[in-house]
Enquirer: 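The structure's right below; bear with me while I get my questions together.
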Amino acid sequence: RLPWVTFSIMAANVIIFYVTLPIIGSQMEEVASHGSKLESFLATNPEVVADEGVRKKLIEAGMMTKAEAEEFEQQIKADPETESQYSAWLSSGDAMKMREEFDQKLLAFTNARRESLWYKYGVAPNGEWKFYQLLTSAFLHGGNMHLWGNLLFFFAVAFSLEDLWGRGVFLGFYALGAMVACIPSI
(Lines give C-alpha, C1' and ligand atoms only; values in the text may rest on other atoms or scores of the structure.)
Protein backbone atom coordinates (compact mmCIF):
# COMPACT_ATOMS: atom_id res chain seq x y z
CA ARG A 1 0.00 0.00 0.00
CA LEU A 2 1.10 3.56 -0.66
CA PRO A 3 2.38 5.51 2.35
CA TRP A 4 -0.05 8.42 1.99
CA VAL A 5 0.62 9.81 5.45
CA THR A 6 4.37 9.93 4.78
CA PHE A 7 3.88 11.58 1.38
CA SER A 8 1.42 14.08 2.89
CA ILE A 9 3.75 15.04 5.73
CA MET A 10 6.68 15.44 3.35
CA ALA A 11 4.60 17.54 0.94
CA ALA A 12 3.26 19.70 3.78
CA ASN A 13 6.80 20.36 5.04
CA VAL A 14 8.08 21.37 1.60
CA ILE A 15 5.06 23.54 0.77
CA ILE A 16 5.05 25.30 4.14
CA PHE A 17 8.79 25.94 3.96
CA TYR A 18 8.78 27.47 0.49
CA VAL A 19 5.55 29.44 0.96
CA THR A 20 6.71 30.98 4.24
CA LEU A 21 10.36 31.49 3.21
CA PRO A 22 9.98 35.05 1.85
CA ILE A 23 7.74 36.07 4.74
CA ILE A 24 10.06 34.66 7.39
CA GLY A 25 13.08 36.19 5.65
CA SER A 26 11.66 39.71 5.78
CA GLN A 27 10.40 39.22 9.33
CA MET A 28 13.81 38.04 10.52
CA GLU A 29 15.44 41.07 8.89
CA GLU A 30 13.04 43.31 10.80
CA VAL A 31 13.70 41.50 14.09
CA ALA A 32 17.46 41.69 13.50
CA SER A 33 17.24 45.39 12.62
CA HIS A 34 15.33 46.26 15.80
CA GLY A 35 17.60 43.99 17.84
CA SER A 36 20.75 45.65 16.53
CA LYS A 37 19.29 49.12 17.17
CA LEU A 38 18.59 48.09 20.76
CA GLU A 39 22.06 46.56 21.19
CA SER A 40 23.66 49.67 19.69
CA PHE A 41 21.66 51.87 22.07
CA LEU A 42 22.78 49.77 25.04
CA ALA A 43 26.40 49.83 23.85
CA THR A 44 26.42 53.63 23.58
CA ASN A 45 24.41 54.11 26.79
CA PRO A 46 25.57 51.33 29.16
CA GLU A 47 24.57 53.37 32.20
CA VAL A 48 20.90 52.70 31.50
CA VAL A 49 21.49 49.07 32.50
CA ALA A 50 22.14 50.31 36.05
CA ASP A 51 18.34 50.62 36.31
CA GLU A 52 16.95 47.43 37.84
CA GLY A 53 13.75 47.80 35.78
CA VAL A 54 15.78 47.90 32.57
CA ARG A 55 17.66 44.76 33.58
CA LYS A 56 14.37 42.95 34.33
CA LYS A 57 13.00 43.91 30.92
CA LEU A 58 16.17 42.70 29.21
CA ILE A 59 15.91 39.38 31.03
CA GLU A 60 12.23 39.01 30.03
CA ALA A 61 13.13 39.77 26.42
CA GLY A 62 15.91 37.16 26.52
CA MET A 63 18.62 39.74 25.87
CA MET A 64 20.29 39.36 29.26
CA THR A 65 20.62 36.40 31.58
CA LYS A 66 19.84 36.58 35.29
CA ALA A 67 23.50 35.82 35.98
CA GLU A 68 24.61 38.80 33.86
CA ALA A 69 22.13 41.07 35.65
CA GLU A 70 23.31 39.88 39.07
CA GLU A 71 26.95 40.33 38.07
CA PHE A 72 26.24 43.89 36.88
CA GLU A 73 24.45 44.67 40.16
CA GLN A 74 27.35 43.23 42.19
CA GLN A 75 29.83 45.38 40.25
CA ILE A 76 27.83 48.49 41.10
CA LYS A 77 27.49 47.57 44.78
CA ALA A 78 31.17 46.66 45.07
CA ASP A 79 32.16 50.33 44.86
CA PRO A 80 30.10 52.69 47.10
CA GLU A 81 31.14 55.74 45.05
CA THR A 82 29.97 54.16 41.79
CA GLU A 83 26.73 53.07 43.46
CA SER A 84 26.00 56.62 44.67
CA GLN A 85 26.80 58.07 41.23
CA TYR A 86 24.43 55.62 39.54
CA SER A 87 21.73 56.30 42.16
CA ALA A 88 22.01 60.04 41.56
CA TRP A 89 22.00 59.61 37.79
CA LEU A 90 18.99 57.24 37.85
CA SER A 91 16.85 59.97 39.42
CA SER A 92 17.86 62.57 36.81
CA GLY A 93 15.89 63.73 33.79
CA ASP A 94 18.54 62.31 31.45
CA ALA A 95 17.97 58.85 32.90
CA MET A 96 14.22 59.21 32.45
CA LYS A 97 14.65 60.17 28.78
CA MET A 98 17.06 57.30 28.27
CA ARG A 99 14.60 54.84 29.88
CA GLU A 100 11.85 56.08 27.55
CA GLU A 101 14.09 55.64 24.51
CA PHE A 102 15.09 52.18 25.76
CA ASP A 103 11.43 51.23 26.26
CA GLN A 104 10.59 52.33 22.70
CA LYS A 105 13.45 50.34 21.19
CA LEU A 106 12.67 47.28 23.31
CA LEU A 107 8.97 47.48 22.41
CA ALA A 108 9.82 47.69 18.69
CA PHE A 109 12.07 44.64 19.03
CA THR A 110 9.61 42.53 21.03
CA ASN A 111 6.69 43.48 18.76
CA ALA A 112 8.65 42.52 15.64
CA ARG A 113 9.62 39.23 17.24
CA ARG A 114 6.07 38.45 18.42
CA GLU A 115 4.65 39.13 14.96
CA SER A 116 7.03 36.72 13.26
CA LEU A 117 5.82 33.34 12.05
CA TRP A 118 8.67 31.71 13.98
CA TYR A 119 7.33 33.17 17.22
CA LYS A 120 3.68 32.44 16.43
CA TYR A 121 4.09 28.88 15.16
CA GLY A 122 7.51 27.79 16.40
CA VAL A 123 8.08 27.25 20.11
CA ALA A 124 8.12 30.79 21.55
CA PRO A 125 10.86 31.48 24.11
CA ASN A 126 10.64 32.50 27.75
CA GLY A 127 7.60 30.38 28.57
CA GLU A 128 5.34 32.23 26.14
CA TRP A 129 4.58 29.16 24.03
CA LYS A 130 1.11 27.86 23.22
CA PHE A 131 0.07 24.21 23.10
CA TYR A 132 -0.56 24.21 19.33
CA GLN A 133 3.05 25.29 18.75
CA LEU A 134 4.21 21.84 19.87
CA LEU A 135 2.80 20.51 16.60
CA THR A 136 3.12 23.49 14.24
CA SER A 137 6.82 23.89 15.02
CA ALA A 138 7.44 20.50 13.33
CA PHE A 139 6.64 22.15 10.00
CA LEU A 140 9.07 25.08 10.38
CA HIS A 141 12.66 24.64 9.26
CA GLY A 142 15.74 26.80 9.69
CA GLY A 143 16.89 26.51 6.09
CA ASN A 144 17.21 24.26 3.07
CA MET A 145 19.74 21.94 4.71
CA HIS A 146 17.49 21.52 7.75
CA LEU A 147 14.44 20.77 5.60
CA TRP A 148 16.13 18.39 3.17
CA GLY A 149 18.11 16.64 5.92
CA ASN A 150 14.87 15.98 7.79
CA LEU A 151 13.15 14.82 4.61
CA LEU A 152 16.00 12.46 3.76
CA PHE A 153 15.83 10.81 7.17
CA PHE A 154 12.03 10.81 7.07
CA PHE A 155 12.11 9.22 3.60
CA ALA A 156 14.47 6.50 4.84
CA VAL A 157 12.47 5.60 7.93
CA ALA A 158 8.84 6.68 7.57
CA PHE A 159 7.79 4.38 4.71
CA SER A 160 8.68 1.29 6.73
CA LEU A 161 7.06 2.52 9.94
CA GLU A 162 3.83 3.55 8.23
CA ASP A 163 3.61 0.18 6.52
CA LEU A 164 4.42 -1.71 9.73
CA TRP A 165 2.21 0.24 12.15
CA GLY A 166 -0.56 1.48 9.89
CA ARG A 167 -1.49 5.04 8.99
CA GLY A 168 -3.27 6.04 12.21
CA VAL A 169 -0.60 4.80 14.60
CA PHE A 170 2.16 6.27 12.43
CA LEU A 171 0.44 9.67 12.29
CA GLY A 172 0.03 9.61 16.07
CA PHE A 173 3.69 8.67 16.44
CA TYR A 174 4.73 11.56 14.19
CA ALA A 175 2.60 14.05 16.17
CA LEU A 176 3.87 12.75 19.50
CA GLY A 177 7.47 12.84 18.24
CA ALA A 178 7.02 16.44 17.09
CA MET A 179 5.71 17.42 20.52
CA VAL A 180 8.42 15.58 22.45
CA ALA A 181 11.09 17.21 20.25
CA CYS A 182 9.95 20.61 21.61
CA ILE A 183 10.56 19.76 25.27
CA PRO A 184 14.17 21.04 25.36
CA SER A 185 12.99 24.38 23.92
CA ILE A 186 10.24 24.91 26.48
Enquirer: Roughly how far, to the nearest 0.5 Å, is the OG1 atom of T65 from the CG atom of L58?
Expert: 10.5 Å

Enquirer: Hey, are the side chains of K57 and M64 touching, using non-hydrogen atoms and a 4.5 Å cut-off?
Expert: no

Enquirer: Mind listing the closest non-hydrogen atom pair of K77 and E83 along with its distance?
Expert: CG-OE2, 3.8 Å

Enquirer: Would you mind reporting whether V169 and L164 have side-chain heavy atoms less than 4.5 Å apart?
Expert: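 In short, these two side chains do not touch, never coming nearer than 4.5 Å.
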
Enquirer: Taking atom CG of L151 and atom OG1 of T6, what is their separation to the nearest 0.5 Å?
Expert: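 L151 CG to T6 OG1: 11.5 Å, rounded to 0.5 Å.
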
Enquirer: Can you tell if the side chain of L135 reaches within under 4.5 Å of the side chain of Y132, non-hydrogen atoms only?
Expert: no

Enquirer: Would you check if L106 and F41 make a side-chain contact, meaning some heavy-atom pair closer than 4.5 Å?
Expert: no

Enquirer: Apply side chain to side chain contact (heavy atoms under 4.5 Å, CB included) to V49 and L42, showing your working.
Expert: CA-CA 8 Å; V49 181; L42 291 171; 4.0 Å; yes

Enquirer: Look at the side-chain heavy atoms of Ile, Leu, Val, Met, Phe, Trp and Tyr, link any pair under 4.5 Å apart, and say whether I15 and F17 land in one connected group.
Expert: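 Different clusters.
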
Enquirer: Hydrophobic clustering (ILVMFWY, side-chain heavy atoms < 4.5 Å, transitive) - are F7 and W148 grouped together?
Expert: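 They do share one cluster, since a chain of ILVMFWY contacts under 4.5 Å joins W148 to F7.
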
Enquirer: Shortest non-hydrogen contact from S137 to G122?
Expert: CB-CA, 3.8 Å

Enquirer: Please work out which of the three classes, parallel, tilted or perpendicular, describes the rings of F173 and W165, given edges at 30° and 60°.
Expert: perpendicular

Enquirer: Determine whether R113 and H34 satisfy the following criterion, side chain to side chain contact (heavy atoms under 4.5 Å, CB included), listing intermediate values before the conclusion.
Expert: CA-CA 9 Å; R113 187 172 64 181; H34 288 296; over 6 Å; no

Enquirer: State the OG-CH2 distance between S185 and W129, to the nearest 0.5 angstrom.
Expert: 11.0 Å

Enquirer: Is the backbone N or O of E68 less than 3.5 Å from a side-chain atom of R55, with the two atoms forming a donor-acceptor pair by type?
Expert: no

Enquirer: First locate atom CD1 of I76, then atom OG of S84, and finally report the distance between them rounded to the nearest 0.5 Å.
Expert: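 With rounding to 0.5 Å, CD1 (I76) is 11.5 Å from OG (S84).
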
Enquirer: Considering residues at least two apart in sequence or located in another chain, which fulfil the salt bridge (Lys or Arg N to Asp or Glu O under 4.0 Å) criterion with E52?
Expert: K56

Enquirer: Taking Q133 for its side chain and Y119 for its backbone only, find out whether a donor-acceptor pair lies under 3.5 Å.
Expert: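 Flag set: sc Q133 to bb Y119 pair under 3.5 Å.
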
Enquirer: Is there side-chain contact between M98 and E47, with heavy atoms separated by less than 4.5 Å?
Expert: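 A side-chain contact exists here, since the closest heavy-atom pair is under 4.5 Å.
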
Enquirer: Under 4.5 Å between any side-chain heavy atoms of R167 and E162, yes or no?
Expert: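 Yes, their side chains come closer than 4.5 Å.
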
Enquirer: Quick check: F139 with Y121 (ring centres under 6.0 Å apart)?
Expert: no

Enquirer: Which heavy atom of D51 sits nearest a heavy atom of G53, and at what distance?
Expert: OD1-N, 2.8 Å

Enquirer: My understanding is that only residues two or more places apart in sequence, or in another chain, count here; which of them pass ring pair (Phe, Tyr, Trp, His ring centres under 6.0 Å) with F155?
Expert: F159

Enquirer: Roughly how far apart are E101 CD and L38 CG, rounded to 0.5 Å?
Expert: 10.5 Å

Enquirer: To check you understand the geometry: which heavy-atom pair defines the closest contact between M63 and G35, and what is its length?
Expert: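 The pair with the smallest heavy-atom distance is CE-O, 4.4 Å.
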
Enquirer: Ignoring hydrogens and angles, tell me if any N or O in the side chain of S40 forms a donor-acceptor pair with the backbone of S36 under 3.5 Å.
Expert: no

Enquirer: For residues N13 and H141, report the shortest heavy-atom separation together with the two atoms involved.
Expert: OD1-CE1, 2.8 Å

Enquirer: Could I get the full list of side chain to side chain donor-acceptor pair (under 3.5 Å) partners for D94, not counting sequence neighbours?
Expert: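 Listed in chain order: nothing, the list is empty.
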
Enquirer: Mark yes when over 12 heavy atoms from residues, nucleotides or ligands other than F153 sit less than 6.0 Å from its CZ; otherwise mark no.
Expert: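 12 or below, so no.
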
Enquirer: Do L2 and V14 sit in the same hydrophobic cluster, where Ile, Leu, Val, Met, Phe, Trp and Tyr count as joined when their side-chain heavy atoms come under 4.5 Å apart?
Expert: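 Both belong to a single hydrophobic cluster.
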
Enquirer: Would you say I23 ends up clustered with L140 if hydrophobic residues are merged whenever their side chains have heavy atoms under 4.5 Å apart, either directly or through other cluster members?
Expert: yes

Enquirer: Can you measure from CH2 (W4) to CD1 (I9) and round to the nearest 0.5 angstrom?
Expert: 14.0 Å

Enquirer: If you look at every heavy atom in A50 and Y86, which pair is closest and at what distance?
Expert: CB-CD2, 3.3 Å

Enquirer: Do V157 and M10 share a hydrophobic cluster, counting only Ile, Leu, Val, Met, Phe, Trp and Tyr and linking them when any side-chain heavy atoms are less than 4.5 Å apart?
Expert: yes

Enquirer: Does the plane of the ring in F154 sit parallel, tilted or perpendicular to the ring in Y174? Use 30° and 60° as the thresholds.
Expert: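 Ring orientation, 0 to 90° scale: perpendicular.
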
